[in-house]
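Notes follow the structure.
Below, chains carry the letters A, B, ... as their sequence lines are ordered, and counting in each starts from 1.
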There are 2 protein chains.
Amino acid sequence: MNKRPLTMTDFANLLRDKGVNSTLQRVEIAQVILSKPQHLSAEQVLEKVNKGRNIVSKATVYNTLRLFAQKGLIKEIIADPAKVFYEPMTTDHHHFYNVDTGELVDIDPGQIKIDGVPEPPDGSTPIGVDVVIRIRDGNIPKNSAPSA
Amino acid sequence: MNKRPLTMTDFANLLRDKGVNSTLQRVEIAQVILSKPQHLSAEQVLEKVNKGRNIVSKATVYNTLRLFAQKGLIKEIIADPAKVFYEPMTTDHHHFYNVDTGELVDIDPGQIKIDGVPEPPDGSTPIGVDVVIRIRDGNIPKNSAPSA
DNA sequence: ATTCGTGCAAACCCTTTGCAAAGAG
DNA sequence: CTCTTTGCAAAGGGTTTGCACGAAT
């Protein structure tokens, strides 16, 4: 089984397969976001792409992530009111969202079962079901009684 | 059964019950957002509160909605990357989100069943499960074959 | 007098856009 | 040469903040 890390050329082919012209910047961004399961904001992708050096501009990161999402290479996660997260396209799964830390955590796929998904309103087509379980730091359920 | 519309005094009491000091502006905002099931952005609340006249400032609307949400009077819905929606606290239910129109539609409560909700990561407490079914205008499923 | 709420405008953050220059075929 | 992509900076839209004024206790 070829578990070797993907080369730049592999990524370039990945892009072309999805109808995205391959360029240096796009391959760099693809390497960052597609290399492993993770959730990154555009800002984080920007940092990771330009560690030290200066390869890709902010606008290009935003535009490229949007393009990748359109082309089905990555998925947008809307969980934080302040920013969008991106993750590689993988099998359907959902997320915990820690409102204290702004951190996103995968929920084991297949663990959640959703039944009775209703028909969408007339004249519309479903494109996806997103489940976000909001969590908060601390083990104490909502209203803890003060210890005195 | 007293289905009479709530008076300003009723709203004032509602606020106090939740630990929110009652003021003219807050009661006006409560009337707008709490009077019926609906999904309004802060912008929309601002418009509705100030129909014609000029009663509440933008900052106060934003701050007050945030306060209401904290105090459990209303619920934030994170579905649109661009803005937060607010709805009155009602029985648990979920939403369709039309990505073309930016419109939010209730899903009949009880229609969706979610099984296997996992334990949150150690050291965290669940505060809510949000399900958003993204939909798109048009009946044609994703890849329609051109008719020739 | 002290506390709390409001209004206004400016600040902020994330994201998108306009346009000229660079690159690919 | 023509089409696409990039970069930069500026604009944009939603939201928050700082501070002085006003209301309530």
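Relative to the side chain of B:N21, the nucleotides C:dG5, D:dT6, C:dC14 differ in distance, and C:dG5 lies closest. Nearest to the side-chain atoms of A:K58 among the listed nucleotides D:dC8, C:dT15, D:dT6 stands C:dT15.
Ion pair B:D130/B:K75 flagged as a salt bridge, since at least one NZ, NE, NH1 or NH2 atom sits closer than 4.0 Å to an Asp/Glu carboxylate oxygen. Ionic pairing of A:E28 and A:R53 is present here: one or more N-O contacts between side-chain nitrogen and carboxylate oxygen are shorter than 4.0 angstrom.
The shortest distance between the side-chain N/O atoms of A:R26 and the OP1/OP2 oxygens of D:dT5 is below 4.0 Å. A close approach under 4.0 Å does not occur between any side-chain nitrogen or oxygen of A:N63 and OP1 or OP2 of D:dT6. Residue A:S57 places at least one side-chain N or O under 4.0 Å from the OP1 or OP2 atom of D:dG7. Of the side-chain N and O atoms in A:T23, none sit less than 4.0 angstrom from OP1 or OP2 of D:dT5. When the side-chain nitrogen and oxygen atoms of B:R66 are compared with OP1 and OP2 of D:dT16, one or more of them lie within a distance under 4.0 Å.
Residue B:L67 is the one, among A:A42 and B:L67, whose nearest nucleotide of DNA chain C lies closer to the 5' end (criterion: closest heavy atom). The residue among A:E43 and B:A59 whose nearest nucleotide of DNA chain C is located toward the 5' end is B:A59.
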B:F68 vs B:V20, test: side-chain contact (heavy atoms from CB on, under 4.5 Å). Steps then yes/no. CA-CA 8 Å; B:F68 283 5; B:V20 176; 4.1 Å; yes
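In this structure, the CD atom of A:Q70 is 15 Å from the P atom of C:dT15, given to the nearest Å. Note: CD (B:Q25) to C1' (C:dC8) measures 14 Å, nearest angstrom. Between B:Y62 atom OH and C:dA10 atom P there is a gap of 17 Å when expressed in whole angstrom units. Rounded to whole Å, atom P of C:dG5 lies 15 Å from atom CG of B:L65.
Classification of the A:H95-A:H39 ring pair by plane angle, with boundaries at 30° and 60°, yields perpendicular.
Backbone-only contact: B:I55 has heavy atoms under 4.0 Å from sugar-phosphate atoms and none from a base.
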